[in-house]
Amino acid sequence: MTSLETELKAFIIETLNLEDVQVDDIDSTEALFVDGLGLDSIDALELGVALQKKYDVRIDAKDENVKTHFASVRNLATFIQSEKGA
Amino acid sequence: MSVFFTNLGNPQNAHTGLCFENDTTLSVGAINADIDRLTTQLDAGKRISIYCQSTRLFMIALAAVWRAGSTAILPATDKSGYLDEIGQQFDTHLDDARIQQLLIAANTKPVPTTPGIPPATSCQAIFFTSGSSGTPKPVIKTLAQIEDEITIQSPLWRPLMGDDARIIGLVSHQHIYGLIFRVIWPVMTKQITCAQQAQFWDMVLGEMQTGDMLVASPAQLKNLHPDLATAPRPALVLSSGGPLDFAAAQSATAMLGVCPTEIYGSTETGGIAWRQQHQENAPWHPLPQLETGLNDVGCLRVRAPHIAGTDWYQTEDRAMLDREKNCFVLKGRADRVVKIGGKRVSLGAVEEHLRRNELIEDAVALLAREDDPRLAVVAVLTPDGKAELEKRGRFRMGRLLRRELSKFEEDAALPQRWRFVDRLPTDSQGKKPLHLLRALFDDNGNALPEVTEHVRNHERDAVSLTLKLDGDMTCFKGHFPGQPILPGVIQLHWAALFGASVFGSSRNVAEVSQLKFRKPITPSDVIRLELDLDASAHRLKFSYRSDQDDLHSSGTLKLRVPQDDGAKDEGEKIA
């Protein structure tokens, strides 16, 4: 698990004010939405805004890859790193 | 003209029994003499709060406050936080000890002429209901209203009982229901009432005689003592303060030999209607002289002399009227709307949808804080639900239920905060008080353990709580791997939070002293947390003990007192 992944998990918990879930409880490869961690569209909206602020990444809702970027913590970390590298 | 005061003062009733305590029965004359004495010790035109354990002393104090020309304030509990909350609303506080002191003091002085009988319309009692905001809301009732209600109800119930039927109460006289049937009713219908509230069915078993009248709550009728099946049969069992489900009505009928008579009403209205559930969803019959109607949105409105005179009183209960048969069926509450993100959310609708889910047995939706932008739910799960919780953990379970709910509800109405409990917290009236539900969220996700037994010492601010621990709790995680123990700092935190929820004391700790950790607490221990509050010194003593009474840890917390709380300072000066 990379340090960015750990950081993202803590960031998700803090941003969404999630109770009863710790960094260790989130698997880097599990689905963030629906039957994985169980986040939903309301969370996605909030998380998207917060990620733009903190990591200065542009999330284009029309981009077909958005779903893939948000699929798991690992994908999100890869996406942020690639945006930064660009 | 007051039937209550006329009966108390009538020399013909002087030797009639009114109140029994253990083996002694006190007569109307003896009680009235105490009322006379206490009246001489009280001022006119004051607001005097009364909180008693003894129904005899309560009756004496209530009558004396009215005779003296003052108003009675009736707090629902004597939790220090609660009394502080309504603190600015009374001038003097009477409890059992203070009433006894005043009665003794009256004996040493020559008895001056006491004021005569006051008109029933000028005798006021102020109750506090937990309003939708959670802040106690005062409700004023007059003795005249209470007497009117008893005059309407007594022809329904009194003929069902023999002349010497006594009244055994399982509900507190501090609430309107107990006050009507355990304090005013016995004087008006010449029945003998028990001076102590039976807290448990064991106490009823020791007292009950054939043909007695039981004044109980739905929660108590749901949890009957098995020995009642062979106990003497009561002639009448009253149930009020909340709905009694059909299954409980059936089992109570089998156990007690008489179908409970439910009374529907509220502190604001007093009694509205009654029913006996011989079949499921039996309709309610309005009390005699009570008119019923519906408003535009289908909520019941009522008109009766004891409610608002010639005015209609609008309830927030949805109902279906059957004009021909003069009865109605209740369809749930229409109120309980909160605003989340500017959207109106009906808590009742959220609960109804949740209860339809096969994983959920029962659920209450609420805001854990007035300004919380997140909807919260306390839920009891079905066996399937419990298995699912075991599999997913609390967070993912909440998210699963939230997804299911999103099929019916808008985003704003989707709960963010979930607590799963074995049973919903209820008070002695069988209601689910908002403050107990809210206390479940005090921990901010750092779970407080569930309380399986709650024994309150009423002599002082002391309580014993049996806690259900479980290895999955966050507090056991990480220390130590393979050998989890409960961290000391969590033990202090729990003591302060449980103190705050039971006594209403401050949850902030300023100082810790006399701290001893003798034996670690592990997830498999059955642990009793004992709390003892010295409210004036703001000191909370705690100890964690095992079921074998072994001491695990103990200490004293000095609680931080909020500096800006003017009302609290005021309350302490007066008390």
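Numbers restart at 1 for each chain; the letters A, B, ... are given by sequence-line order, proteins then strands.
Note: B/Arg419 CZ to A/Asp20 CG = 5.5 Å, rounded to the nearest 0.5 Å. To the nearest 0.5 Å, the span separating CD on A/Glu19 from CZ on B/Arg374 amounts to 5.5 Å.
In the displayed structure, A/Lys54 atom NZ is contacted under 6.0 Å by more than 12 heavy atoms of other residues, nucleotides or ligands. By the neighbour-count criterion of 12 heavy atoms within 6.0 Å, atom CD of B/Glu390 is sparsely surrounded, having that number or fewer from other residues, nucleotides or ligands.
Closest approach of A/Leu39 to B/Phe395, counting heavy atoms only: CD2-CZ, 4.3 Å. The two residues A/Asp25 and B/Arg396 come nearest to each other via the heavy atoms O-NH2, 2.9 Å.
In this structure a side-chain-to-backbone donor-acceptor pair under 3.5 Å is missing from B/Arg399 to A/Leu37.
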